[in-house]
Amino acid sequence: MDQTQASDDRDTQSAESGGVERRDLLKLGALALTVSGGTAAGAVLSSDENEEGLGPVDLPDTSSDPAAASEQRALVEQFAPDVHFDRRELWYPTDPRRYESDRDGDVVVDGFDVLDGYTADHRETDTPPAPTVFYNVVEYRDSPLSVVQYWLYSAFDQFTTNFHWHDWELFQVFVDRESGEPVLYTGSAHSDAVPNNEFVDPEAPRPNVLSEVGSHASALGVNDRPRSFQRLAGDGFIADITNEAVEIGDRAVGIPAAYGLPRDEGLRLPYVVPELDGAPLYDHEKLPNVSENDLLSGSLVVHSFAELATPPDGIPLRENGLSFGFDAENRLGLDVGYDLVSIEELRHIDGFTGPQLSYEFTVPQFVEDEFAHHLTATTAPWTQPRFSDPTVDITDPQHRQTLAERYGPVEDEATTDRVVGVVRELTTRPPEERDETTANGEDTQTGDATEDEASDGDASSADDSPDGETRPTPPKLRESGVESVALLESEDPTAVPTWNGVVSLSGVTHESHRLTVNGAGRAPYAETFEFDGGTYTAGVDGVVTVVPNEEAVKVRADASEESGIANVRFEEDVAGPVYDGKPDGEDRFGLYVNRHGTYTAEITDDEGEVGVFRVTPGTDDASGDEALTIDTPETGKRSFVTFLQSLLDEILAGVRDLVDDIGPLRELLLALLRHGRRLLDRVLARVDEGNTAKASEELGVLADLLAFSAESFDALAWALPESTEARLGSQITQARRRTEQAIDVPA
């Protein structure tokens with residue numbers, strides 16, 4: 001249905017039923033606010049000549065103007081959202097004034113007092129204490145745009161990337177005063193670095209907000225399924241967000257760039273337990289009413305990312321719990337009614353306090369100290385830039401452009417400085433059995449996975465060789481049902497959760513950064529880079545590869561300045577590239593790979609010279625957590641020749657293991673490969689003699705031999721197990737490619 005037609009139909013129905021037309025009500029409210037010069041709970045943003053651009057202007061008190069106050073209240077009540085919580089939620093929106101105290105003449109809300117007092121109050125009444133939503137109204141004097149802000153205060157925040165005392169979450173409704181229609185909903189995510197959940201030109205007459213358990217991030221329920229989040233359109237329903245799709249490298253990932261609500265999209269998101277002074281928070285003496293069960297715990301929580309052998313698969317998905325709404329007693333489907341209170345009623349509070357908390361993460365302590373804004377008390381709403389200028393919280397570029405075209409004061413700019421990537425697991429484990437693919441039945445594939453899921457079979461199976469040895473199934477890149485955490489370490493460290501496996505950090509500063517991607521049961525991934533603006537694509541072509549702990553082994557190489565290493569690239573024979581970047585670390589480069597894979601390491605030095613090395617954890621001298629080491633990495637033609645010797649030895653061993661009933665083809669292939677291997681010995685001798693011209697000539701002969709070998713292998717591949725075909729086929733292809741590359745490499 002056309003948006004204009006739908007709006008007209010709603011207005012007609014309202015008039016016929018004897019009610020007040022919605023747009024007329026809003027026009028009256030806007031007129032009263034303008035005539036009275038402001039509102040007791042808001043600000044006017046002005047671009048008058050005597051003002052330096054946009055900025056808040058103090059407004060006169062309208063407490064003596066009952067008509068203006070009444071009209072403002074009507075505007076606020078009109079768009080007051082229904083808020084739907086997870087059944088595991090512990091900290092519902094409340095009134096912090098219940099827990100305020102005097103501290104040396106200042107009025108403060110202490111974190112210990114709130115968490116302990118709220119827990120006791122909730123337990124005593126078995127109902128959410130003092131359900132309250134605070135509001136603020138912002139007007140743009142030279143534009144028909146108004147914004148109604150709804151601020152929700154919770155006693156505590158517990159999540160994967162952060163937890164802190166107090167939690168202020170914001171939901172905004174941008175309203176066109178001339179039409180009386182909402183033009184944009186914005187629900188706040190976790191930080192400025194995470195794209196908010198937004199919807200432009202909503203038709204729903206009343207907003208629905210879906211609150212994430214523990215963190216209280218605000219997703220939207222705009223379509224006809226108001227209590228669940230739907231990222232993509234499907235099943236006859238529109239999507240709940242209109243954010244544009246994120247682009248990652250040279251691929252367009254068909255996922256809108258918004259945090260969404262992972263546990264409502266069929267994805268697992270583990271939480272962690274906050275600590276204070278080295279002990280779980282619930283053990284603190286200032287929290288006598290708080291037990292382990294009064295924090296998020298049980299199957300939703302992991303106590304250490306590092307100690308889990310594999311990503312957890314028992315984390316529950318979102319389950320609907322209580323629904324809050326204004327005027328709830330007169331409306332069906334709501335469990336709890338909340339009070340609407342002007343945020344001006346809180347302005348006497350001087351601070352929201354609480355000590356810095358801590359949690360297990362693969363970062364040094366000094367980084368965690370710098371990262372403290374994620375782990376301590378939040379700031380009051382009126383100290384935040386978005387309080388006086390709500391457009392600051394519009395994170396989608398196309399939404400900013402839409403409002404800029406319609407409303408003068410809105411600036412058409414949104415930062416394009418961001419880091420993006422998509423997390424994939426390199427594993428031999430089979431794809432997880434999920435309760436559902438997504439909340440709406442839509443597939444979350446982004447189109448960039450490297451494997452054919454339909455033909456995976458049992459990942460625990462292996463190829464049996466004739467001599468009784470067992471070759472493990474090669475690892476594959478798969479989507480993971482467990483979300484990760486991305487930490488960007490720089491002057492102002494920022495941690496964000498992934499959504500649908502997507503890493504997206506906005507507002508990235510122009511400096512050196514270290515990106516760490518960590519996840520429950522996975523070895524950490526890290527890379528360093530210099531950022532000069534635009535979009536930085538993490539990983540290899542946007543794919544950030546992580547490995548389950550039980551299958552991970554670390555590969556090290558000298559990364560000191562003396563080594564001269566400028567770039568390291570790792571390729572797994574079947575899965576393809578898994579790392580490509582600047583060495584991470586001051587002295588030793590470290591990368592986790594899957595111990596069941598076989599790899600080519602390509603190292604580029606400061607002068608642009610390239611060297612290649614074979615890395616085979618399954619046969620190299622490594623056991624348990626002992627790291628593999630690339631000693632004294634060299635570059636040049638000799639590096640390529642010794643690499644090809646190792647690779648052809650592996651290929652020959654694999655071909656010898658093929659079944660006897662393909663004997664003639666196997667013998668032909670063996671003959672070609674043996675001849676190539678002998679040729680490599682001669683090439684190495686030429687290189688050591690300094691006769692690079694003759695070495696290149698003989699490498700050309702080897703390239704032709706490998707081309708014939710590839711044709712022979714293709715002729716017998718039909719009789720091989722899929723994993724054997726994939727491994728040997730990719731190895732022969734790589735041998736030919738590296739041989740052609742080696743021809744032009746100098747000595």
Side-chain angles (χ1 to χ4, degrees), residues 540-541 557 563-581 583 597-616 630-655 668-715 717 726-747:
V540 183
D541 295 330
S563 73
I565 295 177
N567 194 80
V568 177
R569 180 181 175 90
F570 260 73
E571 295 184 14
E572 205 283 323
D573 286 346
V574 177
V578 296
Y579 188 90
D580 189 356
T598 50
Y599 305 86
T600 296
E602 180 180 291
I603 294 178
T604 305
D605 66 18
D606 292 334
E607 297 180 356
E609 299 294 328
V610 177
V612 287
F613 309 87
R614 198 69 179 141
V615 180
T616 53
I630 300 176
D631 291 317
T632 58
E634 62 177 352
T635 60
K637 194 179 292 286
R638 193 178 200 282
S639 166
F640 276 84
V641 175
T642 55
F643 162 81
L644 287 167
Q645 288 178 319
S646 298
L647 182 55
L648 257 66
D649 286 341
E650 290 181 53
I651 297 172
L652 278 165
V655 173
L668 173 61
L669 183 56
L670 281 171
L672 292 169
L673 293 170
R674 288 188 184 113
H675 184 58
R677 181 63 180 82
R678 290 192 295 269
L679 184 58
L680 276 172
D681 290 338
R682 293 202 302 271
V683 172
L684 183 60
R686 303 292 190 191
V687 172
D688 290 340
E689 293 168 0
N691 192 348
T692 57
K694 189 63 176 177
S696 294
E697 179 182 332
E698 292 180 336
L699 283 170
V701 175
L702 177 61
D704 292 337
L705 270 174
L706 290 171
F708 294 140
S709 299
E711 293 178 2
S712 301
F713 181 78
D714 289 343
R727 182 178 64 249
L728 285 175
S730 65
Q731 288 176 343
I732 293 172
T733 298
Q734 181 180 194
R736 181 183 178 187
R737 174 168 61 89
R738 295 293 184 181
T739 299
E740 294 172 344
Q741 184 181 3
I743 293 173
D744 298 324
V745 172

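Given the structure is predicted, the values throughout are model-derived calculations rather than measurements. Every heavy atom of this structure was used, including side-chain atoms; hydrogens, water molecules and symmetry mates were not.
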Please give me the minimum heavy-atom distance between [X] and [Y], naming the atom from each residue.
X	Y	value
Val610	Phe640	O-CE1, 3.6 Å
Val540	Pro577	CG1-CB, 3.4 Å
Gln731	Thr598	NE2-OG1, 3.8 Å
Leu673	Ser709	CD2-OG, 3.9 Å

Could I get the full list of side-chain contact (heavy atoms from CB on, under 4.5 Å) partners for [X], not counting sequence neighbours?
X	result
Ala717	Phe713, Glu725
Leu670	Leu652, Val655, Arg656, Arg666, Glu667, Arg674
Thr733	none

Exercise. Taking atom CD of Glu607 as the centre, report whether more than 12 heavy atoms of other residues, nucleotides or ligands fall under 6.0 Å from it.
Key: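 No, not enclosed.
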
Quiz item: Would you say the side chain of Ser712 lies within less than 4.5 Å of the side chain of Leu672, judging by non-hydrogen atoms?
Solution: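 In short, these two side chains touch, coming nearer than 4.5 Å.
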
Practice problem: Say whether Gln734 and Thr600, considering side chains only, have a donor N or O and an acceptor N or O under 3.5 Å apart. | Solution: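 The answer is yes; a qualifying pair exists.
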
Distance-only check: which donor-acceptor pairs under 3.5 Å involve side-chain atoms of residues 737-747, not counting sequence neighbours?
from, atom 1, to, atom 2, distance (Å)
Arg737, NH2, Glu571, OE1, 3.1
Arg738, NH1, Glu602, OE1, 2.5
Arg738, NH1, Gln741, OE1, 3.0
Arg738, NH2, Glu602, OE1, 3.4
Thr739, OG1, Ala735, O, 2.6

Quiz item: Where the side chain of Ser639 meets the backbone of Val612, is there a donor-acceptor pair that is under 3.5 Å apart?
Solution: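 Between the backbone of Val612 and the side chain of Ser639 there is a qualifying donor-acceptor contact (under 3.5 Å).
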
Quiz prompt | With sequence neighbours excluded, residues passing salt bridge (charged side-chain N to carboxylate O under 4.0 Å, His left out) with Asp580 | solution =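 For Asp580 the salt bridge (charged side-chain N to carboxylate O under 4.0 Å, His left out) partners, ignoring immediate neighbours, are Arg569.
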
Quiz item: Does Glu609 have any salt bridge (charged side-chain N to carboxylate O under 4.0 Å, His left out) partners at least two apart in sequence or in another chain, and if so, which?
Solution: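 In terms of salt bridge (charged side-chain N to carboxylate O under 4.0 Å, His left out), with neighbours along the sequence ignored, Glu609 is linked to no residue.
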
Quiz prompt | Non-neighbouring partners of Thr635 that pass side chain to side chain donor-acceptor pair (under 3.5 Å), sequence neighbours left out | solution =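 With sequence neighbours excluded, Thr635 shows a side chain to side chain donor-acceptor pair (under 3.5 Å) to no residue whatsoever.
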
I'd like a table of donor-acceptor pairs (distance under 3.5 Å, sequence neighbours excluded) in which one partner is a side-chain atom from residues 680-688, with atom names and distances.
from, atom 1, to, atom 2, distance (Å)
Asp681, OD1, Gln645, NE2, 2.9
Asp681, OD1, Arg677, NH1, 2.7
Asp688, OD1, Arg638, NE, 2.8

